[in-house]
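Please read the structure below before turning to the comments.
Numbering of residues begins at 1 and proceeds along the displayed sequence. Note that the structure is a prediction, hence the values are computed from the model and not measured.
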Amino acid sequence: QLAGHTGLGDVLSIQASRPEVANASALYFRDDVYTYAELNAACERAAANLRARAIGNGDSVALALPNAPALVAHLFGILKIGATVVPLNPSLTIGEVSWLINASGARALVTTVPLAQQLDAVRNTPALRHLVVIDPAQRLDCTLSTAKPSAGGDGTAFLIFTSGTTGRPKGVMVTHRNVLANTAQVAERTAVTPHDRVLNVMPLFHANGLMNNTILPLRAGASIVLRPRFEPDEFWGVVKRFRPTYFTAVPTMFTRLMDGWKTRADTTSLRFVRSGAAPMVPALQRLVEERLGVPVVLSYGLSEATCTCTMNPPDRSRRIASVGPALADEAVVAVDADGRPMARGQVGEIAVCGPNVMAGYFNAPDETSAVLRDGWLHTGDMGFVDPDGFVFLTDRKKDLIIRGGENISPREVEEALLSFPAVAEAAVVGTPDREWGEEVVAFVVPRTDREIDVDALQAFCHERLARFKVPRRLRVVASLPLTSVGKMDKARLRALACQDATGARP
């Protein structure tokens, strides 16, 4: 089902040309349903509109829209004319949007009225020539356009900016070939067919929402139930109504779904669920599998590898706590500080080689050469590969806490905290310490209708962790700060830990 595409711009036109697919449902959004033929027509109109503004092959077009059919139409419209998509979080400040537009050299921005008005007022984006303003709440115009866009190319399809938690965001150049390869790899591992339906609650400015939850199912002839955002209170009602066969969520979402679990939901349509973007502790994985009655497929990836590098199969051969073996045509190894492969089972930096590895960082040759060496992407994530090829992550290289010369894995401490019955969520960071270099600080969120006894939790940690790993400070908070894609915002937590010692315990 994934054959026949030379570029991403022709994905929908090929599907719309197939009689058995053209009138099949491609996209559900609230009460609207779009067939493949209708969605392709809307994309053709978006492409023709951009082409009329002299936007074409090699140009960059920023896309700052909420999850809606209009975003999908313009996504493929940009790709149809051979331009590069620059996906932006629509909730960014005007200063952040301006910086990203200038950094990408985007000639056009497709967005909503409020953001367009703010951007027009500041007038500090010299490369920007066109503002394409749309109402994402309106139903798509699916009448065929008389103006045909020029054919798309096979160069850079996406310029995806990293989150920037360690400095200014870097633009990851992802090619058409990267995306075609990676979506085929994931489709092969998960056996996605036209009979599948994915529930997409992930933001479409993020690689996972774009690649795995939009482009992959449309390439496979499957259907998408697109939601504006993740809403725990409505989630199981949406599953019951639309009967998806799978969905992807981050561990924080799963935690909130399980924490609010009251009665068994109708999960009979599901064949698996996916978790990515952040580590999932084994206890949560087992709880989700027990309650949903389907496998939780853990995977691992990063924007620099298009999206996904490793993934457990949805069958019983998966391994709890592992992010699975490498995808087809992919090599994943742990390497030492000099880049030499390490023996199976030994912890090192995860390095990846395959057809999904990015072309490089945009206008950043030094940063590119620092992570791309001899065809291998050095991810900055620590982990090991077991004798059977299953990958286990231990930590981000930059997140390691070094206390008095001892390396401490935040994830190990977090898992100990999460095994305490009253703790729903936990995050551990290191803060500067005059005596020890760094000190361990933990933030914990209580379960619904439970209270956390900090002294009891401290004693609990002493039973399970070496003394130097036990958090010096424990703070009980109502919620943990998250990045725009649902990952724990460790940078904000470090700042909080440094600024405020309230709730400290010796």
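In this model, a donor atom of one side chain and an acceptor atom of the other lie less than 3.5 Å apart for T175 and N178. Under 3.5 Å, the side chains of Q117 and D120 contain no donor-acceptor pair of N or O atoms. Side-chain contact check for N23 and T35: no donor-acceptor pair (N or O, by modelled atom type) lies under 3.5 Å. Judged by distance alone, the side chains of D381 and Y300 do bring a donor and an acceptor atom under 3.5 Å apart. At a cut-off of 3.5 Å, with distance as the only test, no side-chain donor of R107 or S60 sits close to an acceptor on the other residue. Between S223 and R197, the side chains place a donor N or O and an acceptor N or O closer than 3.5 Å (distance only, hydrogens not considered). Using a 3.5 Å distance cut-off with no hydrogens or angles, the side chains of T308 and N212 do pair a donor with an acceptor.
Of the charged side-chain nitrogens involved, none lies within less than 4.0 Å of a carboxylate oxygen, so that K170 and E304 do not count as a salt-bridged pair.
Ring centers of F161 and F362: at least 6.0 Å apart, outside the cut-off.
Distance check: M202 CE to L226 CG gives 12.5 Å after rounding to the nearest 0.5 Å. One finds the OG1 atom of T143 at 4.0 Å from the CZ atom of R45 (value rounded to the nearest 0.5 Å). Remark: T183 OG1 to I215 CD1 distance equals 7.0 Å, nearest 0.5 Å.
Listed by chain and residue number, F392 satisfy the ring-ring contact (aromatic ring centres under 6.0 Å, His included) test with F384 (two or more places apart in sequence, or in another chain).
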Go through R318 and E289 one step at a time and tell me if the salt bridge (charged side-chain N to carboxylate O under 4.0 Å, His left out) criterion holds. CA-CA 12 Å; R318 72 195 185 287; E289 292 191 344; 2.7 Å; yes
Side chain to side chain donor-acceptor pair (under 3.5 Å) for R243 and T268? Distances and angles first, verdict last. CA-CA 8 Å; R243 300 191 61 74; T268 54; 3.0 Å; yes
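Of the candidates V85, L63, V61, L63 is the only one forming a side chain to side chain contact (heavy atoms under 4.5 Å, CB included) with H74. Paired with F205 under the rule side chain to side chain contact (heavy atoms under 4.5 Å, CB included), one option of L71, I160, N89 passes, and it is N89. Of the residues listed (L204, I224, V198), the one engaging N213 in a side chain to side chain contact (heavy atoms under 4.5 Å, CB included) is V198, and it is the only one.
Environment of CG in D388: crowded, with over 12 heavy atoms of neighbouring residues, nucleotides or ligands closer than 6.0 Å.
Side chain of T394 to main chain of M382: a donor-acceptor pair is present (N/O by atom type, distance under 3.5 Å, no hydrogens or angles).
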